[in-house]
Amino acid sequence: NGVDPEFRVIPQNELESLRQKYTPSPETICLLNVGGTHQRKNILTVLKVVENLRSRGLSVCFWKAGGQFTNEHKAFITTHKLEQNIVHFGNPDKKTLIALYNSADILLSPSLYEGFGLTIVEAMACGTPVITSNLSSLPEVVGDAAILVEPLNVEAISDAVCQIKHDPVYCNQLVEKGLLRAKFFSWQENAEQVAKVYENLVLKKSL
């Protein structure tokens with residue numbers, strides 16, 4: 001799979017209004033999740049992480065793009081009074097989605113299964129640190145450019161969020177690694193790899 005070149009780093013001064021509108025303060029930890037809300041996406045764990053971080057006394061918000069919260073999600077949000085910590089953007093257009101990637105502090109994608117995980121690569125291409133699952137295809141996709149976690153371990157995920165937020169050197173390392181990793185999934189790179197496969201097949205056939 002490949003990532004569209006439109007997914008790129010945007011200067012922060014072009015994003016100030018988005019952060020100001022949808023986060024309570026500059027210190028707020030902004031978590032983003034992009035995609036559906038069916039069970040394998042593990043959104044309930046994301047909500048538990050939001051509640052956990054808030055219980056630690058941190059200002060946190062959760063931006064959700066794509067899908068609609070299930071009844072189980074809504075019940076958890078209501079029970080734990082998380083309404084003020086969550087913004088649902090529905091299905092944003094590409095320009096808005098790119099702005100969300102660039103404005104968020106972390107893409108949190110603890111899926112229980114993914115065939116590839118394109119949103120993770122899109123986030124890395126936008127310079128956003130990624131926390132994702134140590135399951136399925138995800139470790140192969142991210143390499144060493146993201147934090148891998150047990151997808152149901154709320155404490156471990158929360159600790160990873162805090163590490164990114166409070167360690168700017170480590171955060172910048174993840175950003176740089178992510179930008180490099182995303183380039184590996186460009187359509188140009190994919191086309192060249194496919195072409196090499198065909199070239200090798202033709203060469204073998206001619207021998």
Side-chain angles (χ1 to χ4, degrees), residues 1-4 7 22 29-56 58 60-94 96-98 100-101 103-126 128-143 145-164 174 178 181-182 185:
N1 216 330
V3 62
D4 193 311
F7 289 88
Y22 293 110
I29 303 170
C30 182
L31 306 177
L32 173 66
N33 180 276
V34 179
T37 54
H38 34 84
Q39 189 173 8
R40 70 180 177 87
K41 295 294 186 178
N42 199 20
I43 301 303
L44 184 60
T45 293
V46 177
L47 295 173
K48 291 178 180 179
V49 169
V50 174
E51 195 276 330
N52 183 283
L53 292 170
R54 194 180 65 173
S55 72
R56 297 185 186 194
L58 300 173
V60 57
C61 68
F62 172 36
W63 290 355
K64 183 74 187 83
Q68 294 295 324
F69 289 124
T70 66
N71 290 335
E72 183 182 25
H73 300 153
K74 292 174 182 177
F76 187 91
I77 292 168
T78 300
T79 300
H80 296 275
K81 298 180 173 58
L82 295 178
E83 292 87 351
Q84 298 302 313
N85 300 88
I86 297 171
V87 181
H88 194 289
F89 289 89
N91 295 304
D93 58 31
K94 184 181 289 186
T96 303
L97 180 58
I98 293 169
L100 291 174
Y101 278 129
S103 300
D105 292 307
I106 298 166
L107 180 83
L108 180 52
S109 182
S111 296
L112 301 175
Y113 173 80
E114 290 288 349
F116 178 72
L118 182 59
T119 63
I120 290 169
V121 183
E122 290 174 346
M124 291 192 295
C126 292
T128 305
V130 171
I131 299 173
T132 192
S133 301
N134 59 0
L135 300 178
S136 189
S137 63
L138 297 168
E140 182 180 356
V141 171
V142 302
I147 297 180
L148 296 173
V149 293
E150 294 285 345
L152 298 177
N153 191 330
V154 174
E155 287 293 332
I157 297 172
S158 299
D159 288 344
V161 170
C162 291
Q163 184 179 9
I164 291 174
L174 284 178
R181 187 66 177 168
F185 295 102

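Heavy-atom basis, side chains included; hydrogens, waters and symmetry copies ignored.
- Residues R181 and V142 form no side-chain contact, since every pair of their non-hydrogen atoms from C-beta on lies 4.5 Å or further apart.
- At distances below 3.5 Å, at least one donor-acceptor pair connects side-chain atoms of T128 with backbone N or O atoms of Y101.
- Note that CG of L31 is 10.5 Å distant from CD1 of I157, once rounded to the nearest 0.5 Å.
- Of all heavy-atom pairs spanning N91 and G67, the tightest one is OD1-N, 3.7 Å.
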Requested in this report: Please assess I106 against V130 for the test side-chain contact (heavy atoms from CB on, under 4.5 Å), listing each intermediate value before the final yes or no.
Outcome: CA-CA 6 Å; I106 298 166; V130 171; over 6 Å; no

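- Residues L112 and Q39 share a closest heavy-atom pair of CD1-O, 3.9 Å.
- Enclosure of atom CG in N71 is not indicated, since only 12 or fewer non-hydrogen atoms of other residues, nucleotides or ligands lie within 6.0 angstrom.
- With T45 contributing its side chain and L152 its backbone, the two residues share no donor-acceptor pair below 3.5 Å.
- Panel note: side chain T132, backbone S109; a donor-acceptor pair is recorded below 3.5 Å.
- Counting heavy atoms from C-beta on, the side chains of K41 and E114 come closer than 4.5 Å.
- Here the SG atom belonging to C61 is positioned 9.0 Å from the CD1 atom belonging to I29, to the nearest 0.5 angstrom.
- Between F69 and H73, the ring planes lie perpendicular to each other; the angle is over 60°, past the 30° to 60° tilted range.
- Formation of a donor-acceptor pair under 3.5 Å by the T79 side chain with backbone atoms of A75 is found in this model.
- Residues S111 and N42 approach most closely at CA-CB, 4.4 Å, considering heavy atoms.
- The NZ atom of K81 sits 8.5 Å away from atom CZ of R54, with the distance rounded to the nearest 0.5 Å.
- N52 and S55 form no side-chain donor-acceptor contact under 3.5 Å, judged by distance and modelled atom types alone.
- Centroid-to-centroid, the aromatic rings of F185 and F116 come within less than 6.0 Å.
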**Report entry** Residues L107, I131; criterion side-chain contact (heavy atoms from CB on, under 4.5 Å); working and verdict
**Finding:** CA-CA 6 Å; L107 180 83; I131 299 173; over 6 Å; no

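- When the ring pair (Phe, Tyr, Trp, His ring centres under 6.0 Å) test is applied to F62, no partner is found at least two apart in sequence or on another chain.
- With contacts defined as side-chain heavy-atom distances shorter than 4.5 Å, the pair H88/W63 does not qualify.
- Nearest heavy atoms, G117 versus L138: CA-CD2, 4.3 Å.
- Nearest heavy atom pair, residue P110 against residue N33, reads CD-ND2, 4.3 Å.
- Annotation: the span from T70 atom OG1 to H38 atom NE2 amounts to 11.5 Å, rounded to 0.5 Å.
- Electrostatic pairing of E155 and R56 counts as a salt bridge here, judged by a charged N lying under 4.0 Å from a carboxylate O.
- When the options V49, V50, D105, V161 are evaluated for a side-chain contact (heavy atoms from CB on, under 4.5 Å) with V60, the one that passes is V50.
- Side-chain contact between C126 and I98 is present, with heavy atoms from C-beta onward closer than 4.5 Å.
- Other residues, nucleotides and ligands contribute at most 12 non-hydrogen atoms within 6.0 Å of the CD atom of E140.
- Residues P92 and G90 approach most closely at CD-O, 3.1 Å, considering heavy atoms.
- The side-chain contact (heavy atoms from CB on, under 4.5 Å) test with V46 is passed by exactly one of T37, V154, L108: L108.
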Report task. Check step by step if side-chain contact (heavy atoms from CB on, under 4.5 Å) holds for C162 and L53. Result -> CA-CA 8 Å; C162 291; L53 292 170; 3.8 Å; yes

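- No side-chain heavy atom of K64 sits under 4.5 Å from any side-chain heavy atom of F89.
- Note that CD1 of I120 and OG of S137 are 7.5 Å apart. Values are rounded to the nearest 0.5 Å.
- The closest donor-acceptor contact from the side chain of D4 to the backbone of F7 lies at 3.5 Å or more, if one exists at all.
- Once rounded to the nearest 0.5 Å, the distance linking CG of L44 with CD of E72 reads 5.0 Å.
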